[in-house]
Participant: 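Handing you this structure, nothing more for now.
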Amino acid sequence: QVRLVESGGGLVQPGGSLRLSCTASGNFVSINAVGWYRQVPGKQRELVANMNSGGSTYYGDSVKGRFTISRDNAQNTIFLQMSSLKPEDTAVYSCNAYIYLYGSAVRKPFWGQGTQVTVSS
């Protein structure tokens, strides 16, 4: 059973920083592409950033220059460094990872449970 567990969310003042972590555990071969999404109640889930297996990244327009996605393959962990946070960044942030399982040549998507980020003074 593969699990993704996020941590690092919380309450931060505008202009502040937070770093989210997402660690994969369980029995699997490797992690391929990874990403962070966010969702506000009543709105569609939004892609914040992603990174492919080669290290190429994509950032949503609203977070470019402020957020950085990274990964530690040895620790099976994905990070999202968030800086210059704004109230409109308030959302539940979830990590996503495409993982190769033993016995399968097809990568499978997994999701974390989500962590709340609130930006408010």
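For the numbers below, each heavy atom of this structure counts, side chains included, while hydrogens, waters and symmetry mates do not.
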Participant: Are Pro109 and Asn96 packed together at the side-chain level, in the sense that at least one heavy-atom pair is separated by less than 4.5 angstrom?
Facilitator: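 Yes, close enough: below the 4.5 Å cut-off.
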
Participant: Going from SG on Cys95 to CG on Asn50, what distance comes out if it is rounded to the nearest 0.5 angstrom?
Facilitator: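 One finds 13.0 Å between SG of Cys95 and CG of Asn50.
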
Participant: Would you say the side-chain atoms of Ser62 and Glu46 include a donor-acceptor pair closer than 3.5 Å?
Facilitator: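 Yes, because at least one side-chain N or O of Ser62 sits under 3.5 Å from a partner of the opposite role on Glu46.
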
Participant: Hey, quick one: are Leu80 and Val92 part of the same hydrophobic cluster, counting side-chain heavy atoms closer than 4.5 Å, chains of contacts allowed?
Facilitator: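 Result: no, two separate clusters.
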
Participant: How far does OG1 of Thr68 sit from CE of Met82, to the nearest 0.5 angstrom?
Facilitator: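 Here the rounded value is 11.0 Å.
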
Participant: Considering all heavy atoms of both residues, which atom of Ser94 and which atom of Gly114 are nearest to each other, and what is their separation?
Facilitator: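 What the structure gives for the nearest pair is OG-CA, 3.5 Å.
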
Participant: By salt bridge (charged side-chain N to carboxylate O under 4.0 Å, His left out), which residues pair with Lys64, not counting sequence neighbours?
Facilitator: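 For Lys64, the residues satisfying salt bridge (charged side-chain N to carboxylate O under 4.0 Å, His left out) (neighbours in sequence not counted) are Asp61.
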
Participant: Could you tell me whether a side-chain N or O of Ser104 sits under 3.5 Å from a main-chain N or O of Leu101, the two making a donor and an acceptor?
Facilitator: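 Here the side-chain-to-backbone pair does not exist.
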
Participant: Closest heavy-atom contact between Ala49 and Ile69?
Facilitator: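 What the structure gives for the nearest pair is O-CD1, 3.8 Å.
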
Participant: Tell me, which pairs form a salt bridge (Lys or Arg N to Asp or Glu O under 4.0 Å) where one or both residues lie in residues 26-35, sequence neighbours left out?
Facilitator: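 Not a single pair qualifies under salt bridge (Lys or Arg N to Asp or Glu O under 4.0 Å).
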
Participant: Using a 4.5 Å cut-off on heavy atoms from C-beta on, say whether the side chain of Leu47 contacts that of Tyr58.
Facilitator: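 Yes, at least one pair of side-chain atoms sits under 4.5 Å.
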
Participant: Which residues pass the salt bridge (charged side-chain N to carboxylate O under 4.0 Å, His left out) test with Arg19, sequence neighbours left out?
Facilitator: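 Salt bridge (charged side-chain N to carboxylate O under 4.0 Å, His left out) list for Arg19, sorted by chain: empty.
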
Participant: Under the side chain to side chain donor-acceptor pair (under 3.5 Å) rule, collect the residues that match up with Asp89, sequence neighbours excluded.
Facilitator: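 Checked Asp89 against side chain to side chain donor-acceptor pair (under 3.5 Å); matches are Arg38, Arg66.
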
Participant: Do Met51 and Phe67 sit in the same hydrophobic cluster, where Ile, Leu, Val, Met, Phe, Trp and Tyr count as joined when their side-chain heavy atoms come under 4.5 Å apart?
Facilitator: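 Per the 4.5 Å side-chain linkage, Met51 and Phe67 are co-clustered.
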
Participant: Is the backbone of Tyr93 close enough, under 3.5 Å, to the side chain of Gln39 for a donor and an acceptor to pair up by distance?
Facilitator: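 Not a single qualifying donor-acceptor pair exists.
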
Participant: What pair of heavy atoms forms the shortest contact from Gln81 to Ser17, and how long is it?
Facilitator: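 Heavy atoms of Gln81 and Ser17 come nearest at NE2-CB, 4.0 Å.
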
Participant: Tell me which donor-acceptor pairs under 3.5 Å the side chains of residues 20-37 have, and how far apart each pair is, sequence neighbours excluded?
Facilitator:
unit_1, atom_1, unit_2, atom_2, d
Thr23, OG1, Thr77, OG1, 3.0
Asn32, OD1, Arg107, NH1, 2.5
Trp36, NE1, Phe79, O, 3.3

Participant: With sequence neighbours left out, write down each residue that passes side chain to side chain contact (heavy atoms under 4.5 Å, CB included) with Ser120, or none if nothing qualifies.
Facilitator: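 Once residues adjacent in sequence are excluded, the partners of Ser120 under the side chain to side chain contact (heavy atoms under 4.5 Å, CB included) criterion are Leu11, Thr118.
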
Participant: Is there a side-chain contact between Val117 and Val119, using heavy atoms and a 4.5 Å cut-off?
Facilitator: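 Yes. Closest side-chain heavy atoms under 4.5 Å.
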
Participant: Say whether Leu85 and Tyr59 are linked into one hydrophobic cluster, either directly or through other cluster members, by side-chain heavy-atom distances under 4.5 angstrom.
Facilitator: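 Both belong to a single hydrophobic cluster.
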
